[in-house]
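Just below is one structure, and these are the notes that go with it.
Please read these numbers as outputs of a predicted model, since none were measured by experiment. As a basis for the values below, the full set of heavy atoms in this structure was taken, side chains included, without hydrogen atoms, waters or symmetry mates.
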Amino acid sequence: EINSLVALYSSTAGNQWTVSWNLSTSNPCAGWYGVTCCATETVCHVVALQLPDNNLVGSLPSSISDLSMLQDLSLDSNALTGSIPSTIGDLSMLQDLSLESNTLTGSIPSTIGDLSMLEILYLSSNALTGSLPSTIGDLSMLQYLFLYSNALTGSIPSTIGDLSMLEILYLSSNALTGPIPSTIGDLSMLLYLDFYSNALTGPIPSTIGDLNMLEILYLSSNALTGSMPSTIGNLSMVVLLNLASNSLTGSIPSGIGDLSRLQYVDFYSNALTGPVLSTIGDLGELTQLVFAFNYLTGPIPSSLSGCAQLEYLDVSSNHLSQAIP
């Protein structure tokens, strides 16, 4: 394990780290910055390596996998380059893998699916390319998946629905294509779903309504088509609903008026038709409502006066028949 740490030090310009290691001290468990060990009666193992924002410059060595008891690898906010080594999958005890805010390239290795104990995966704000490996669905303990602000392509694998413990799914600002898989509805623990700014196509699956714990839904700035599913009215815990800048058609589902916790609704720049629902006025927590740049018709319902918390209303560039009452 010492050799693995020294290899990391050498490959990331350790002598230039903000807080460096004194390699003349032969025991990394006794004072090496960011290294945490767990000692048994006979042996000492490295269980955490936490060096965020420490000016690591260079690449991750494949020998990182020799830290066989590692539970936490946090190297975020550095200047790491190169690819994520496939040997990362050998860290069978790993619970937290945080490599966000670096300049990592290449694809996410399929061996990531071998991390059966992983709960947190932060790879956002890098330059990762390629598609999401289907093996990501093997991470049965995963709770937080942050992959935003990369250059990922291809479709979202249907195996994403196998992440039964997932609470946050953050894939925004990539170049993902294809449909939202219907298996998304299997994520029964999901609180936060963000697919903003990709190139996703097809309809919003009706199974979205099965996410009965969901609080935040961002599907804006894609190329989604079809009508909003009526099941969106089943999202009883949702507080933010942003479907702006797509090509959605049809009318606003009547169930929207039943979402009593809603605070923010943005359907800007779609091709929605039909009326502004009078039941919108029942949304007493609503602070922002944006229906601008659609094809909505009819009057603006006077019931909107029931939205006592409303701070921002934009229904411009529609075909509404009267001014705001």
Side-chain angles (χ1 to χ4, degrees), residues 84 99-110 112 121-137 139 142 144-163 166-187 190-211 214-229 231-232 235 238 240-250 264-272 290 293-294:
I84 300 170
L99 302 176
E100 65 181 347
S101 299
N102 283 285
T103 316
L104 295 169
T105 55
S107 59
I108 299 171
S110 61
I112 205 86
L121 180 57
Y122 290 164
L123 301 179
S124 50
S125 299
N126 280 285
L128 297 171
T129 56
S131 58
L132 284 173
S134 60
T135 53
I136 208 156
L139 302 176
L142 199 67
Y144 305 105
L145 178 56
F146 284 55
L147 303 178
Y148 65 84
S149 296
N150 280 286
L152 298 172
T153 55
S155 59
I156 300 170
S158 61
T159 53
I160 203 84
D162 295 333
L163 302 177
L166 200 64
E167 296 180 12
I168 298 180
L169 177 55
Y170 208 160
L171 304 182
S172 64
S173 300
N174 280 285
L176 297 170
T177 56
I180 299 171
S182 61
T183 53
I184 204 77
D186 295 333
L187 302 177
L190 202 64
L191 304 174
Y192 190 113
L193 173 58
D194 190 346
F195 291 164
Y196 162 76
S197 190
N198 280 281
L200 299 172
T201 55
I204 300 171
S206 61
T207 53
I208 204 88
D210 295 334
L211 303 176
L214 196 68
E215 297 179 0
I216 307 293
L217 178 59
Y218 276 110
L219 301 179
S220 50
S221 298
N222 281 283
L224 298 171
T225 55
S227 301
M228 292 185 216
T231 53
I232 213 161
L235 301 176
V238 75
L240 184 150
L241 183 57
N242 192 334
L243 310 180
S245 299
N246 282 286
S247 298
L248 298 171
T249 56
Y264 180 108
V265 178
D266 192 346
F267 297 160
Y268 169 88
S269 190
N270 279 283
L272 300 173
V290 180
F293 289 90
N294 281 282

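- By the side chain to side chain contact (heavy atoms under 4.5 Å, CB included) test, V265 pairs with L262, F267, L286, L289, F291, sequence neighbours left out.
- Taking the ring centroids of Y218 and F195, they lie at or beyond the 6.0 Å cut-off.
- Within the 3.5 Å criterion, the main-chain N or O of L219 finds a donor-acceptor partner in the side chain of N246.
- Closest approach of N150 to L128, counting heavy atoms only: OD1-N, 3.0 Å.
- Scanning both residues, L147 and L132, for their nearest heavy atoms gives CD1-CD2, 3.1 Å.
- From L241, atom CG reaches atom CE of M228 across 7.0 Å, with rounding to the nearest 0.5 Å.
- Applying the ring pair (Phe, Tyr, Trp, His ring centres under 6.0 Å) rule to Y264 yields no partners; only residues at least two apart in sequence or on another chain are considered.
- Judged purely by atom type and a 3.5 angstrom limit, N242 has no side-chain atom pairing as donor or acceptor with the backbone of L217.
- Listed by chain and residue number, nothing satisfies the ring pair (Phe, Tyr, Trp, His ring centres under 6.0 Å) test with Y144 (two or more places apart in sequence, or in another chain).
- For S269, the side chain to side chain contact (heavy atoms under 4.5 Å, CB included) criterion is met by S245, F293, not counting sequence neighbours.
- For P109, the side chain to side chain contact (heavy atoms under 4.5 Å, CB included) criterion is met by I84, S86, I88, T111, not counting sequence neighbours.
- Counting only residues at least two apart or on different chains, the side-chain hydrogen bond (donor to acceptor under 3.5 Å, both in side chains) pairs with a member in residues 124-136 are E100-S124.
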